[in-house]
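Okay, structure first, notes after.
Because only heavy atoms are used, hydrogens play no part in the values below, and waters and symmetry mates are left out as well, while side chains stay in. All of these numbers come straight from a predicted model, not from anything done at the bench.
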Amino acid sequence: MATATDVIERTSEPPHLRVGARLRELAAHREILANLVRKELKVKYVASVLGAIWSLLNPAVYLAVFTLVFRVVLANRIPGYPVFLLSGLLPWNLFSVSVTSATRSVVDNANLVKKVYFPREVLPVAGIGVALVDLLLQSLVLVAFMVATGWRFHPEALPLYPLAFAALLLFTTAVALLLAAANVRYRDVQHLLALALLVWFWMTPIVYPAALVQGSPHELFGVRLFHLYLLNPLVLVISGFQRALYGAVRPPGAGGPILLDVSVGWLAAGLALVAAASAVLLYLTWRLFFRLSGDFAEEL
């Protein structure tokens with residue numbers, strides 16, 4: 001009598017990534033991507049009374065905690081601190097949630113990977129898709145707060161928002177593909193990531209002004225601390241979001257600069273450089289992911 005066995009889908013991808021052909025293949029499997037995003041959203045809020053409202057409560061809780069610590073306990077003097085905090089925290093949440101979800105995406109979907117062929121990139125990209133839905137919902141909270149409080153927008157800085165968003169999305173996707181592929185072989189990656197994100201958070205100007213680092217005279221190995229600080233791509237990305245939404249470098253009552261004390265043009269050029277470098281990084285990590293993906297089913 002024949003025994004039933006699980007069928008493992010092993011793929012043998014071409015030796016080189018052809019971006020155009022791969023994008024067409026991903027487009028052909030867009031329904032799988034949409035279904036995965038819907039599934040992750042349903043799982044996230046299954047048996048939840050409030051459902052997607054939890055996404056709205058998340059930034060509200062962050063706002064309450066950090067406002068208590070930095071405005072009441074440490075008595076910082078950042079005017080409009082809620083807008084300052086959320087304009088940096090929301091893009092950071094997109095990055096951290098995306099890479100955390102993407103890192104485990106292939107491993108968590110091992111049964112699907114073993115049995116069905118589809119472009120494996122769909123799995124980490126689906127995690128980014130879920131984070132984008134959360135960003136949209138959370139951004140509604142920020143915009144509603146700004147409108148309700150009569151926050152003054154700065155039209156000349158608003159074009160920085162799409163530029164910062166593009167740079168963030170490119171960089172996030174590049175890191176997501178790299179970590180997703182690495183975690184299949186080395187499961188320590190998902191544990192190291194939590195520690196790395198904790199350090200990365202405090203190395204990014206989210207809860208404190210970037211101007212503090214910019215004005216610091218300290219050096220490390222003969223290099224100004226601020227110049228080393230700019231090696232973190234998220235410094236310019238978060239600064240772009242803050243400049244577009246928070247607006248003023250020196251808001252009234254601040255007593256000094258809060259955001260990076262640079263022109264909108266300088267910041268736009270910096271974001272364009274980050275976006276270009278992230279696009280190159282994305283290509284390299286995509287090639288690595290593509291090369292390793294053919295063996296995922298065997299390694300899981």
Side-chain angles (χ1 to χ4, degrees), residues 8-19 21-23 25-41 43-44 91-135 167-200 233-234 237 277-300:
I8 296 179
E9 179 71 32
R10 294 181 173 87
T11 61
S12 179
E13 301 288 3
H16 301 292
L17 171 67
R18 291 179 173 82
V19 175
R22 196 62 170 180
L23 286 175
E25 188 174 1
L26 287 169
H29 290 82
R30 59 187 177 276
E31 289 187 9
I32 295 179
L33 175 59
N35 288 333
L36 283 172
V37 172
R38 281 194 292 266
K39 184 201 79 170
E40 291 298 326
L41 289 172
V43 169
K44 187 175 182 179
W92 167 262
N93 282 347
L94 170 65
F95 173 74
S96 62
V97 171
S98 293
V99 297
T100 300
S101 175
T103 298
R104 292 189 53 86
S105 61
V106 179
V107 175
D108 287 347
N109 290 279
N111 289 335
L112 187 62
V113 172
K114 291 178 181 180
K115 297 179 180 179
V116 181
Y117 173 74
F118 58 92
R120 306 314 191 196
E121 296 93 325
V122 166
L123 296 173
V125 170
I128 298 174
V130 174
L132 283 170
V133 173
D134 283 341
L135 176 66
L168 175 63
L169 200 57
L170 287 168
F171 183 69
T172 299
T173 307
V175 175
L177 290 175
L178 174 64
L179 296 181
N183 193 56
V184 174
R185 182 168 298 180
Y186 307 105
R187 304 298 166 82
D188 303 90
V189 171
Q190 63 197 33
H191 303 294
L192 290 173
L193 177 62
L195 297 176
L197 287 175
L198 177 61
V199 175
W200 207 334
L234 292 182
V237 170
S278 297
V280 173
L281 179 63
L282 174 56
Y283 175 71
L284 296 175
T285 58
W286 192 2
R287 284 184 58 184
L288 175 64
F289 184 95
F290 179 78
R291 181 169 60 83
L292 297 177
S293 64
D295 297 326
F296 283 170
E298 297 180 8
E299 293 184 3
L300 290 171

Task: Min side-chain heavy-atom separation Phe118-Arg120 under 4.5 Å - done: yes

Open item on the list: Suppose we screen for side-chain contact (heavy atoms from CB on, under 4.5 Å). Which residues come up paired with Val125, at least two apart in sequence or across chains?
Closed with: Leu33

Open item on the list: Please enumerate all residues that pass side-chain contact (heavy atoms from CB on, under 4.5 Å) together with Val19, with sequence neighbours excluded.
Closed with: Leu17, Leu23, Tyr283, Trp286

Open item on the list: Do Leu168 and Leu234 have side chains that approach each other closer than 4.5 Å (heavy atoms only, starting at C-beta)?
Closed with: yes

- [ ] Given side chain to side chain contact (heavy atoms under 4.5 Å, CB included), test Val122 with Leu26 step by step and report yes or no.
- [x] CA-CA 7 Å; Val122 166; Leu26 287 169; 4.0 Å; yes

Show me the side-chain donor-acceptor pairs of residues 190-199 shorter than 3.5 Å, one per line, residues at least two apart or across chains.
unit_1, atom_1, unit_2, atom_2, d
Gln190, OE1, Arg104, NH1, 3.1
Gln190, OE1, Asn183, ND2, 2.9

TODO: Search all heavy atoms of Ala176 against all heavy atoms of Ala102 and return the closest pair with its distance.
DONE: CB-CB, 3.5 Å

- [ ] List for me each residue that meets ring-ring contact (aromatic ring centres under 6.0 Å, His included) alongside Phe95, sequence neighbours excluded, and say none if there are none.
- [x] Trp92, Phe171, Trp200

Task: Set of salt bridge (charged side-chain N to carboxylate O under 4.0 Å, His left out) partners for Arg287, sequence neighbours left out - done: none

Open item on the list: Nearest 0.5 angstrom please: Arg18 CZ to Glu25 CD, how far?
Closed with: 12.5 Å

Task: Residue pairs passing the salt bridge (Lys or Arg N to Asp or Glu O under 4.0 Å) test where at least one lies in residues 188-198, sequence neighbours excluded - done: none

Task: Minimum heavy-atom distance Val97-Ala131, with the two atoms named - done: CG1-CB, 4.1 Å

Task: Minimum-distance pair of heavy atoms, taken over all atoms of Arg22 and Pro119 - done: NH2-CA, 3.7 Å

- [ ] Using the test side-chain contact (heavy atoms from CB on, under 4.5 Å), find all partners of Ser105 that sit at least two apart in sequence or belong to another chain.
- [x] Leu123, Pro124, Ala180

Task: Intermediate values then yes/no, side chain to side chain contact (heavy atoms under 4.5 Å, CB included), Ile128 and Leu169 - done: CA-CA 9 Å; Ile128 298 174; Leu169 200 57; 4.0 Å; yes

Open item on the list: Please check this pair: side chain of Thr285 against backbone of Leu282, looking for a donor-acceptor N/O pair closer than 3.5 Å.
Closed with: yes

Open item on the list: Among residues at least two apart in sequence or on other chains, which ones pass side-chain contact (heavy atoms from CB on, under 4.5 Å) with Leu292?
Closed with: Ala181, Arg185, Leu288, Phe296

- [ ] State the CG-CG distance between Leu36 and Asn109, to the nearest 0.5 angstrom.
- [x] 6.0 Å

